[in-house]
Protein chains: 4
Amino acid sequence: MNSPGRLEPVPRRSTAELIADQLRSAIMHGALAPGDQLGETDLAAQLGVSRGPLREAMQRLVQEGLLRSERHRGLFVRELGPEDVHDIYVARLAVERASCELIMRGNRGEALARLTAALNDLVAAARTGDRTAMSDADQAFHRALVSCSGNHRLERMAETLLVEARMCLTVMQEVYPEADELVEEHQKLLDAITDGDEELLLRLIESHMLDTVERINAGAPTARN
Amino acid sequence: MNSPGRLEPVPRRSTAELIADQLRSAIMHGALAPGDQLGETDLAAQLGVSRGPLREAMQRLVQEGLLRSERHRGLFVRELGPEDVHDIYVARLAVERASCELIMRGNRGEALARLTAALNDLVAAARTGDRTAMSDADQAFHRALVSCSGNHRLERMAETLLVEARMCLTVMQEVYPEADELVEEHQKLLDAITDGDEELLLRLIESHMLDTVERINAGAPTARN
Amino acid sequence: MNSPGRLEPVPRRSTAELIADQLRSAIMHGALAPGDQLGETDLAAQLGVSRGPLREAMQRLVQEGLLRSERHRGLFVRELGPEDVHDIYVARLAVERASCELIMRGNRGEALARLTAALNDLVAAARTGDRTAMSDADQAFHRALVSCSGNHRLERMAETLLVEARMCLTVMQEVYPEADELVEEHQKLLDAITDGDEELLLRLIESHMLDTVERINAGAPTARN
Amino acid sequence: MNSPGRLEPVPRRSTAELIADQLRSAIMHGALAPGDQLGETDLAAQLGVSRGPLREAMQRLVQEGLLRSERHRGLFVRELGPEDVHDIYVARLAVERASCELIMRGNRGEALARLTAALNDLVAAARTGDRTAMSDADQAFHRALVSCSGNHRLERMAETLLVEARMCLTVMQEVYPEADELVEEHQKLLDAITDGDEELLLRLIESHMLDTVERINAGAPTARN
DNA sequence: GTGGTCTAGACCACC
DNA sequence: GTGGTCTAGACCACA
């Protein structure tokens with residue numbers, strides 16, 4: 001916690017980073033839908049920047065795998081098919097499972113504090129019934145989970161995966177679980193951490209991921225890859 | 001309200017502006033106290049910037065009157081005496097009175113909405129009993145009041161005055177009003193706006209300001225100017 | 001009041017401050033017109049200073065609101081639209097009205113002396129028929145008015161507002177009142193102070209400001225904001 | 001598997017991608033060492049490209065975490081400390097463990113074929129005794145392992161992690177295992193896959209990773225992070 | 001003063 | 001026409 005008015009280094013992020021965040025968010029929420037082309041001129045105008053830094057930002061997203069580059073054609077938002085959904089959640093499982101293990105063997109106290117806070121936010125969002133808010137809180141919970149592992153590489157990998165997972169949900173909103181169910185699943189995860197029951201926790205996180213794949217691919221019209 | 005993920009211009013403020021904000025906040029909260037000298041080298045290191053932009057930022061604060069420049073000696077945080085307290089609150093009265101008049105003759109609906117929100121924050125802060133939070137909320141209320149006038153020049157002038165007013169309070173915390181009283185005074189202001197009673201509103205804002213001067217200068221040990 | 005020949009500390013102002021004054025004056029008189037870009041290299045050469053202090057001076061004017069900063073594009077003289085004219089004069093009204101009140105309740109004698117002198121200068125300028133001289137004298141009268149309030153914050157705020165008001169006039173010279181009218185209006189203000197008629201004074205200062213807004217926005221081609 | 005002579009689309013990769021590969025390779029092999037600054041002008045000249053595409057490529061590596069950006073200072077090769085070594089190998093463990101599971105439950109035949117080939121290359125490299133060749137073959141083995149999982153996200157994540165792991169080794173070459181040992185460890189992994197012994201395989205891959213962390217951090221002088 | 005950063009504008013290749 | 005690419009030039013910040 002910062003004492004108010006303390007002198008701290010001014011946080012100055014590069015323009016490319018700011019733009020990348022903006023684009024990532026737009027892709028995540030579906031403002032830029034899978035398959036959409038990203039026109040440089042338009043985007044630059046909308047974002048109030050010139051094409052240079054915009055191109056740098058887009059290359060970041062290409063690197064992440066959120067954009068697909070076709071030479072001399074342009075950049076497009078990557079499209080997701082059923083096998084992508086599976087890939088994404090299996091990869092998330094790998095990352096979050098490792099995070100869980102690290103948490104159980106590490107500083108469980110801090111993790112509990114942060115995750116409890118995240119769960120409270122999720123409950124609050126569930127009460128409003130707002131799908132977007134619920135998704136945001138869901139995502140924040142899992143981001144916190146990985147962050148609590150203390151492993152920056154896992155965090156880095158999770159960041160992209162969470163955005164991709166969100167894309168899956170955005171395209172097919174109808175299959176998102178009910179508010180009660182969503183809260184309950186995360187409550188169980190938290191309980192397992194509280195109880196120190198690692199085996200249970202790993203089983204829960206596995207089913208949490210794999211069930212989601214089932215749900216999405218069951219309900220979804222097949223998208224092109 | 002922004003739809004999430006909408007593409008918006010990336011907000012990029014200059015380094016000098018960011019530093020100025022940081023310094024203003026530090027002065028406001030007393031981390032840089034009246035009379036303190038601002039060493040370029042130290043500050044630059046603490047803020048993680050080089051001396052160039054730091055000097056530019058400091059010149060901004062000199063222009064605002066928060067810093068005092070002594071040639072070839074350095075820059076110092078301006079000290080406030082009783083007559084400054086009076087000056088500040090009389091100037092605030094001029095600005096906020098004008099704002100009130102504009103609000104009563106302008107878009108009262110929007111003003112009510114924003115000020116009600118600000119009052120709620122103040123009530124919440126009062127419940128915690130945290131002096132700093134209460135001051136912040138108090139300040140935010142008045143900033144909102146002036147902002148609702150729609151007059152950018154009044155806003156600009158208020159910005160500096162609010163910081164100076166805060167400096168007065170920071171130096172002499174003991175005289176800050178009780179939580180109940182604070183909330184009540186602002187509630188009355190809001191009620192007057194709701195009722196459309198301009199005459200009452202102007203009387204209230206006047207006493208709100210002049211009473212504060214009394215309270216501060218009564219309770220305060222005389223500071224050097 | 002300085003007794004002539006008294007030895008007083010020479011006011012050694014910083015380079016940045018001197019440069020800022022130069023620039024402010026240039027903007028005020030239209031040598032730097034609204035929308036103009038301020039090239040660092042050129043200006044530094046013209047003023048015979050290096051870029052460092054020049055940048056510091058320009059940041060002062062940005063803080064005042066006379067310049068607008070576009071990141072990595074440069075600094076530009078702020079452009080004024082009709083709503084700016086309104087904002088400026090309403091803000092001036094707030095400041096000068098407060099000053100008038102303080103004068104009527106304070107040392108009216110000194111105020112009368114200084115304002116009478118200022119009015120004489122205005123009359124002299126009116127005789128020459130030189131528009132710039134008249135504007136200068138007009139501005140000096142109002143600066144003196146606010147200065148007589150004895151409130152340094154009001155003076156500080158007036159300083160910028162007077163420059164902005166002058167910019168409005170510079171852009172649209174044709175609407176400036178006739179010499180007779182100008183003198184008469186200020187004579188009335190002075191009379192009201194002499195007579196101690198506060199109510200009349202406030203009414204006069206209000207119409208003085210608001211009429212000017214009317215005159216400017218009526219006669220002026222709409223400028224971009 | 002390409003049948004030789006088949007006509008396939010030429011992989012026309014963007015300039016930025018090609019440059020990124022070059023840089024990544026240079027970092028991996030230590031031609032660009034941790035802490036080194038990447039001067040735009042120099043690099044552009046050396047690579048025979050202009051600064052635009054170079055900047056785009058560098059932003060890719062920033063996104064990957066191989067470069068660190070300091071605003072207005074430049075880009076630097078990220079430095080690795082002991083805790084980074086741990087992070088990297090734990091993350092690799094998560095990725096490769098998941099890959100192993102997928103292989104055991106998927107198309108084990110193809111995996112065996114590709115991994116046997118990779119092991120043969122490793123053996124050949126071991127015979128030459130060339131450290132770099134051994135590292136290359138080691139890396140190729142693990143890249144193949146993850147690739148056999150068929151999960152593109154795991155592949156993507158492994159790509160960066162393998163480069164980072166290689167950086168760890170490059171900095172501290174002396175701790176790289178003996179040729180015999182290296183071959184033996186990988187032979188065991190292959191045997192476990194052949195035998196279909198998933199439990200053993202997971203234990204082997206875990207110790208393979210964690211032992212490496214031990215070895216590196218034991219033998220290494222503490223590097224700055 | 002040097003070098004990072006961004007903008008603006010031009011040219012060329014592809015569709 | 002649009003995007004990919006590159007150059008020129010200015011601002012910005014560091015040393």
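Naming: A, B, ... by sequence-line order, numbering from 1 per chain.
Between D:E159 and D:R143 there is a salt bridge, since at least one side-chain N of the basic residue sits less than 4.0 Å from a carboxylate O of the acidic one. Using a 4.0 Å cut-off between a side-chain N of Lys or Arg and a carboxylate O of Asp or Glu, B:E164 and C:R156 qualify as a salt bridge. By the 4.0 Å N-to-carboxylate-O rule, D:R153 lies close enough to A:D84 to be salt-bridged with it.
Qualifying side chain to side chain donor-acceptor pair (under 3.5 Å) partners for D:S69, counting only residues two or more places apart in sequence or in other chains: none. For C:D21, the side chain to side chain donor-acceptor pair (under 3.5 Å) partners at least two apart in sequence or on another chain are C:R13, C:R24. D:R166 pairs by the side chain to side chain donor-acceptor pair (under 3.5 Å) definition with D:D136, D:Q139, not counting sequence neighbours. With sequence neighbours left out, the side chain to side chain donor-acceptor pair (under 3.5 Å) criterion links B:S50 to no other residue.
In this structure, the CD atom of A:E70 is 18 Å from the P atom of F:dT2, given to the nearest Å. Put simply, CG on D:L67 is 15 Å from C1' on E:dG4, counting in whole angstrom units. Between the CG atom of D:L54 and the C1' atom of F:dT7 there is a distance of 15 Å, rounded to whole Å. Spacing between atom CG of A:L18 and atom P of E:dT5 amounts to 13 Å, rounded to whole angstrom units. In this structure, A:E17 places its CD atom 15 Å from C1' of E:dT5, rounding to the nearest Å. For the pair C:E40 CD and E:dT5 P, the interatomic distance rounds to 18 Å; values are reported in whole Å. Put simply, CZ on C:F76 is 11 Å from C1' on F:dA10, counting in whole angstrom units.
Regarding contacts with the backbone of E:dG4, a side-chain N or O of D:Q37 is found under 4.0 angstrom from either OP1 or OP2. The shortest distance between the side-chain N/O atoms of A:T41 and the OP1/OP2 oxygens of F:dT2 is not below 4.0 Å.
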Protein N or O to nucleotides 13-15 of chain F N or O, pairs below 3.5 Å:
unit_1, atom_1, unit_2, atom_2, d
F:dA13, OP1, B:T15, N, 3.3
F:dA13, OP1, B:T15, OG1, 2.3
F:dA13, OP2, C:R55, NH2, 3.3
F:dC14, OP1, A:R12, NH2, 3.2
F:dC14, OP2, B:S50, N, 2.8
F:dC14, OP2, B:S50, OG, 2.1
F:dC14, O5', B:S50, OG, 3.0

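Secondary structure note: stems in DNA chain E built from 3 or more consecutive Watson-Crick or G-U wobble pairs under 3.5 Å occupy E:1-14 with F:1-14.
Put simply, the side chain of B:E56 never gets that close to the backbone of B:R51: no donor and acceptor are under 3.5 Å apart.
For the side chain to side chain contact (heavy atoms under 4.5 Å, CB included) with C:M28, the qualifying choice from C:V163, C:L23, C:L66 is C:V163, the only one to do so.
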